[in-house]
Amino acid sequence: MDRTHEVLKQYFGYEQFREGQLELIQAVESGRDALGIMPTGAGKSMCFQIPALLMEGITLVISPLISLMKDQVRALNQAGVHAAFLNSSLTAGQYQKALGLARQGRYKIIYVAPERLETQAFLSFALDEQVKISMLAVDEAHCVSQWGQDFRPSYLKILEFLEKLPYRPVIGAYTATATADVRDDILDILQLCDPKIVATGFDRENLFFSVEKPDDRDRAVLEYLHKKESQMPKSSGIIYCLTRKKVEELCYLLREEGFSVTRYHAGLSDEERRENQEDFLYDRKQIMVATNAFGMGIDKSDVRFVIHYNMPKNMESYYQEAGRAGRDSEPAECILYYGPMDVRTNRYFIDNNEDNQELDEMTRKLVQERDRERLRQMTFYCFTSTCLREYIMNYFGEKRSGYCGNCRNCLTQYEEVDISREAQCILACIQANRMSYGITVIIDILRGSKGQKIISRGLEQNPEYGKLSHLSVARLRQIIQEMSLQEYLSVSDGEYPVLVPGSRAQEFSGGVSLTMKLVKEQEEKGKQTGGQALSDKKKKSAASVLSEKDSELFEDLRGLRREIAREENVPPYLIFSDRTLVDMCVKKPQNREQMLQVSGVGDYKLEKYGEAFLSRINR
């Protein structure tokens with residue numbers, strides 16, 4: 001076994017690398033810059049942590065959030081690796097002590113906030129002759145690009161810091177979400193030299209994707225959680241909401257229903273956010289209800305579901321947040337509840353984005369235009385009848401087609417319905433108006449509304465007035481979204497978006513037929529009665545296929561893990577993941593040598609926890 005694989009087993013407990021990891025590690029180890037684009041849960045952090053342990057000197061890891069740094073450093077310390085973080089959460093005394101220990105060579109890996117790079121204290125440390133910075137790893141590297149969904153101007157300070165060093169360390173950049181534009185920005189801004197670029201693909205096969213449009217989202221959440229609790233008791237999950245107000249309301253509702261729940265948003269104090277986050281990480285609370293302020297860098301491996309109560313503003317944010325489920329590679333569910341108001345709310349956030357205030361007028365308009373287009377693509381995701389996984393992969397430039405077998409659309413039976421007549425009516429209605437109107441007004445005209453807004457504007461005179469009165473509002477919205485998806489219609493930008501003919505609208509003059517996939521009637525009824533058939537088709541977790549006796553052992557080992565975690569004041573998943581506990585139940589090791597054959601058990605954790613778990617397995 002070579003030294004690289006020895007370090008993998010010794011500290012992290014694994015025998016084999018995942019796809020792309022070894023290539024990136026070997027590139028950095030040989031002195032070559034690297035760019036790694038890997039999905040959440042694919043083990044990006046090991047791509048800089050392992051070379052840090054193999055190389056001389058210190059590896060600096062640039063990281064955007066305090067919670068991310070704490071989580072990563074805590075995990076490294078649990079694995080027996082000396083690591084530290086430098087950020088504003090430390091007192092002046094703690095900060096100086098950490099720098100002093102770093103000068104003495106105590107730490108192989110130091111996480112640092114980008115804002116710290118330009119402080120005199122840190123520069124003095126970095127330029128000290130005793131200190132050798134062998135590698136600079138840029139985590140969440142998409143933050144360097146203004147075209148990325150999490151642009152942070154402080155990331156632009158990285159290059160200025162590098163220019164002040166008397167030598168150039170190896171540079172590695174790592175991200176889970178990067179379109180072609182963002183990738184090019186990372187390469188250019190960080191000035192990576194002949195980098196090894198590894199993109200392993202964005203697919204997470206263990207994640208089940210679903211888009212639903214419930215009339216009552218609160219009720220839908222409650223039904224889902226009650227069902228989940230009966231199938232997998234005490235499952236951890238995250239529910240994302242667009243606004244702080246909704247976070248508070250939903251958290252209160254779930255608490256009243258008896259669920260173990262906490263909340264997280266920017267309106268809470270730093271102390272309360274910290275306490276609530278730790279309650280979730282340490283399994284003191286099962287469910288986290290949060291805005292998008294929660295989650296970046298949170299490495300809780302056993303999150304079994306992520307629900308988006310509202311549609312996010314873009315696919316990048318959605319896939320990053322949904323990707324916090326199933327990081328242990330066990331099956332997990334990503335459910336998105338869509339409502340028409342989500343588009344309006346997100347458009348408001350885009351038009352009033354304070355993060356863009358530092359940009360000049362032209363750049364700000366370009367960024368807003370790009371964000372509106374991303375919102376359109378996100379909306380199309382909510383209405384497509386094709387494979388949801390295919391849509392996501394294609395969005396990120398990873399072309400694929402066909403049946404994935406693990407999303408709601410692939411497990412739903414559809415039928416092709418001809419909507420040519422309805423589409424012609426919609427286009428004729430839009431073209432007959434003297435002014436342009438939004439979707440709601442167009443639907444009211446087509447359904448023959450006698451509302452004041454329609455009558456006062458004389459819109460009942462439109463030749464298409466009432467011609468589609470037999471269709472529901474929901475069905476008309478579906479048809480309009482399908483027409484937008486196929487570019488027969490378009491929604492304008494601006495404060496008051498209006499519906500206009502799309503680039504292909506004139507094709508209808510030639511008698512083109514248009515079809516769309518609609519859920520078969522019996523499927524629709526099945527969904528309304530709980531969707532048991534759909535649930536039966538989903539991938540099952542490793543724990544769910546254990547025998548009754550092994551399941552009891554699994555729960556026993558989880559209980560032991562909780563006890564140890566409470567004593568050491570660390571999250572339970574940092575002791576051993578659920579996946580490792582399942583492997584213990586299957587292999588039932590009898591001694592230390594056999595325990596080392598369990599996936600996720602390395603030398604350090606064997607010494608620390610081996611006897612306790614062996615005793616529980618063999619009693």
Side-chain angles (χ1 to χ4, degrees), residues 8-9 11-21 38-47 49 68 71-72 74-76 78-79 176 200-209 228 231-238 280-283 286-288 295-307 319-335 406 538-546 550-551 553-562 564-565 570-587 597-602 605 609 613:
L8 175 67
K9 180 60 180 174
Y11 293 106
F12 302 101
Y14 302 111
E15 302 282 351
Q16 299 295 328
F17 285 102
R18 294 186 186 179
E19 182 187 359
Q21 287 180 324
M38 308 167 82
T40 302
K44 309 190 286 299
S45 56
M46 281 191 196
C47 296
Q49 290 170 352
L68 185 155
D71 204 52
Q72 296 262 335
R74 186 163 45 192
L76 284 168
Q78 277 296 116
T200 60
F202 291 93
D203 194 10
R204 299 272 306 284
E205 292 183 358
N206 63 312
L207 300 184
F208 173 84
F209 291 98
K228 197 71 179 174
Q231 293 173 340
M232 293 184 68
K234 302 188 184 304
S235 293
S236 286
I238 304 171
F280 180 65
L281 293 178
Y282 288 61
D283 287 349
Q286 290 172 229
I287 301 167
M288 172 63 79
M296 184 184 280
I298 299 300
D299 194 18
K300 184 172 169 61
S301 61
D302 60 347
V303 174
R304 297 273 65 88
F305 63 87
V306 171
I307 295 174
Y319 199 52
Q320 186 178 56
E321 289 160 8
R324 286 164 192 148
R327 293 177 69 116
D328 55 5
S329 299
E330 287 290 288
E333 295 172 341
C334 305
I335 315 296
N406 199 29
K538 296 176 190 173
K539 291 186 177 180
K540 299 290 189 290
S541 69
S544 69
V545 296
L546 290 173
D550 286 349
S551 294
L553 175 60
F554 176 70
E555 290 302 326
D556 195 15
L557 294 182
R558 289 183 77 189
L560 173 61
R561 183 180 63 178
R562 272 195 301 274
I564 295 172
V570 297
Y573 66 87
L574 289 184
I575 308 296
F576 288 122
S577 69
D578 277 1
R579 194 178 185 87
T580 297
L581 298 186
V582 168
D583 204 30
M584 287 183 193
C585 294
V586 172
K587 292 177 177 172
Q597 302 308 308
V598 173
S599 177
V601 178
K605 288 192 176 181
Y609 308 120
F613 280 86

Legend entry - Salt bridge Arg304-Glu333, side-chain N to carboxylate O under 4.0 Å: no
Inset, instruction - Please list, chain by chain and in numerical order, all residues satisfying ring pair (Phe, Tyr, Trp, His ring centres under 6.0 Å) with Phe209, sequence neighbours excluded. - result: none
Inset, instruction - Compare all side-chain heavy atoms of Val303 with those of Arg324 and state whether any distance is below 4.5 angstrom. - result: no
Inset, instruction - With the side chain counted from C-beta on, respond yes when Leu8 and Met46 share a heavy-atom pair under 4.5 Å apart, and no when they do not. - result: yes
Legend entry - Side-chain (Arg204) to main-chain (Gly323) donor-acceptor, under 3.5 angstrom: yes
Inset, instruction - Measure from the side-chain N and O atoms of Lys605 to the backbone N and O of Ile575, and report whether any donor-acceptor pair falls under 3.5 Å. - result: yes
Legend entry - Sub-4.5 Å side-chain heavy-atom contact between Pro233 and Glu555: no
Inset, instruction - Not counting sequence neighbours, which residues clear salt bridge (charged side-chain N to carboxylate O under 4.0 Å, His left out) with Lys300? List them please. - result: Asp283, Asp302
Legend entry - Partners passing ring pair (Phe, Tyr, Trp, His ring centres under 6.0 Å) against Tyr282 (at least two apart in sequence or in another chain): none
Legend entry - Spacing of Leu553 atom CG and Arg558 atom CZ [to the nearest 0.5 Å]: 12.5 Å
Inset, instruction - Answer whether the closest heavy-atom distance between the side chains of Asp578 and Arg561 falls below 4.5 Å. - result: yes
Inset, instruction - List the atom of Lys9, the atom of Val601, and the distance in Å for their closest heavy-atom pair. - result: NZ-O, 2.8 Å
Inset, instruction - Using side chain to side chain contact (heavy atoms under 4.5 Å, CB included) as the criterion, list what pairs up with Asp583, not counting sequence neighbours. - result: Lys587, Val598, Ser599
Legend entry - Inter-residue atom distance Asp556.CG - Leu581.CG, 0.5 Å rounding: 10.5 Å
Legend entry - Ala176 to Pro39 - nearest heavy-atom pair and separation: CB-C, 4.2 Å
Inset, instruction - List the atom of Gly600, the atom of Thr580, and the distance in Å for their closest heavy-atom pair. - result: CA-OG1, 3.6 Å
Legend entry - Close side-chain approach of Asn406 and Glu205, heavy atoms under 4.5 Å: no
Legend entry - Under the ring pair (Phe, Tyr, Trp, His ring centres under 6.0 Å) test, residues paired with Tyr573 that sit two or more places apart: none
Inset, instruction - Decide yes or no for Phe305 and Ile335: does some side-chain heavy atom of the first lie under 4.5 Å from some side-chain heavy atom of the second? - result: no
Legend entry - 4.5 Å side-chain heavy-atom contact, Tyr11 and Gln49: no
Inset, instruction - Only counting residues at least two apart or in another chain, list the ones meeting ring pair (Phe, Tyr, Trp, His ring centres under 6.0 Å) with Phe202. - result: Phe396
